[in-house]
2 protein chains.
Amino acid sequence: MPPIKLSSSLRMAVAALHKGLRKQASYTSSYSMTELETIGFISRNNDILASELASLTRITTQSMSQILKKFESQGLIARTGSSDDKRKMHISLTPAGEKLVKQNRYERDAFLQKRIETLLTDKEVALLEKVVPILDKLAAAD
Amino acid sequence: MPPIKLSSSLRMAVAALHKGLRKQASYTSSYSMTELETIGFISRNNDILASELASLTRITTQSMSQILKKFESQGLIARTGSSDDKRKMHISLTPAGEKLVKQNRYERDAFLQKRIETLLTDKEVALLEKVVPILDKLAAAD
DNA sequence: TAAAACTTGTTAGTTTACCTTACAAATATA
DNA sequence: TATATTTGTAAGGTAAACTAACAAGTTTTA
């Protein structure tokens, strides 16, 4: 396959899949893809900083600030000031936030999981598993 | 790998990659991802209908109407009424539209292509080629 | 065959998910 | 110690989608 064709078809596949996933996410959870990512990062990485979350999710710190404001107003996260640097605010999940993550973690990806299970053969699933880190590599570059 | 972990990591990889691609597209071409997809579909499928384009790109016919309006005002497409059904409008590229497609086709994906070439091994590229149709399958389902 | 229902497409107005600009406050550097 | 950088927030703007409402043509049905 000529390389330009590979990149073009990969782009189209990613765009189509993303569109479907976003639609499904909005269907089931009232949070955007980035908001779901954000809360996932907080749950896996306690006392993380707003700037770190922004860089992980590839949005500006200003946008992340808005998301965190929303989460805080809903009682999902708590901020604790850092002792060594008074500008820094460590972010962590409240019990309510933990509960929401737990409730949603499985439900959130159930849709995609079901598609994988019903549409793909075992061999295709194995291939897919191998490719995820490759996609990560392509996405990670700056 | 447990299936829920695969779907979760696939979702995150797709989201990250899509975000990067969208940013790059806006950087180089002043057309959105969906607009680029749309013009690609028209060039590959002459005399297509607006409703078909909407379904292919997974947006509403109303949104597609806006995109086509923009393209028409820029002289990129032409509409010709159907003889068998007067509601239907067949859409095709004008010479100016063809020119734009040709100019942009390679440039558009050069960024991703370069990443693939510089970041991945031959083996990884081969894997990626095999997986693109699998991603299409996951995306295609309704 | 006339009325009802559906299809195709448009316009208008709204929402969402980001962004940029501007700023405050704390910290690091010259 | 003045200047630059970092961390975070607030306000306002924008792109790309959406829903609602409608017009006009076509198909179904009573």
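Computed over heavy atoms, backbone and side chain alike; hydrogens, waters and symmetry mates excluded. In what follows, chains are A, B, ... by sequence order, proteins preceding strands, each numbered from 1.
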> Just the rounded figure in Å: distance from P of C:dT10 to NZ of B:K86.
18 Å

> Rounded off to whole Å, could you give me the CE-to-P distance for the B:M64 and C:dG9 pair?
11 Å

> Report each atom pair, protein N/O against N/O of nucleotides 3-7 of chain D, whose distance is under 3.5 angstrom.
residue	atom	partner	partner atom	Å
D:dT6	O2	A:R87	NH1	2.3

> Sequence neighbours excluded, which residues qualify as side chain to side chain contact (heavy atoms under 4.5 Å, CB included) partners of B:P133?
none

> Sequence neighbours excluded, which residues qualify as ring-ring contact (aromatic ring centres under 6.0 Å, His included) partners of B:F111?
none

> Got a list of side-chain donor-acceptor pairs under 3.5 Å for residues 16-26 of chain B, not counting sequence neighbours?
residue	atom	partner	partner atom	Å
B:K19	NZ	A:T34	OG1	3.0
B:K19	NZ	A:T57	O	2.8
B:S26	OG	B:K23	O	2.9

> Please tell me if the side chains of A:L120 and B:L138 come closer than 4.5 Å, counting only heavy atoms from C-beta onward.
yes

> Under the side chain to side chain contact (heavy atoms under 4.5 Å, CB included) rule, collect the residues that match up with A:T94, sequence neighbours excluded.
A:A78, A:A96

> Using the side chain to side chain contact (heavy atoms under 4.5 Å, CB included) criterion, which residues pair with B:D84? Sequence neighbours excluded.
B:S82, B:K88

> Write down the distance between CG (B:L68) and P (D:dA17), rounded to a whole number of angstrom.
13 Å

> Each nucleotide in nucleotides 14-24 of chain C should get exactly one letter: B, S or -. Can you fill that in based on protein heavy atoms under 4.0 Å?
---SSBBBB--

> Using the test side chain to side chain donor-acceptor pair (under 3.5 Å), find all partners of A:K70 that sit at least two apart in sequence or belong to another chain.
A:E35

> Roughly, in whole Å, what's the span from NE2 in B:H90 to P in D:dG25?
16 Å

> Can you sort out the partners of A:L56 under side chain to side chain contact (heavy atoms under 4.5 Å, CB included), two or more places apart, ordered by chain and number?
A:F41, A:I48

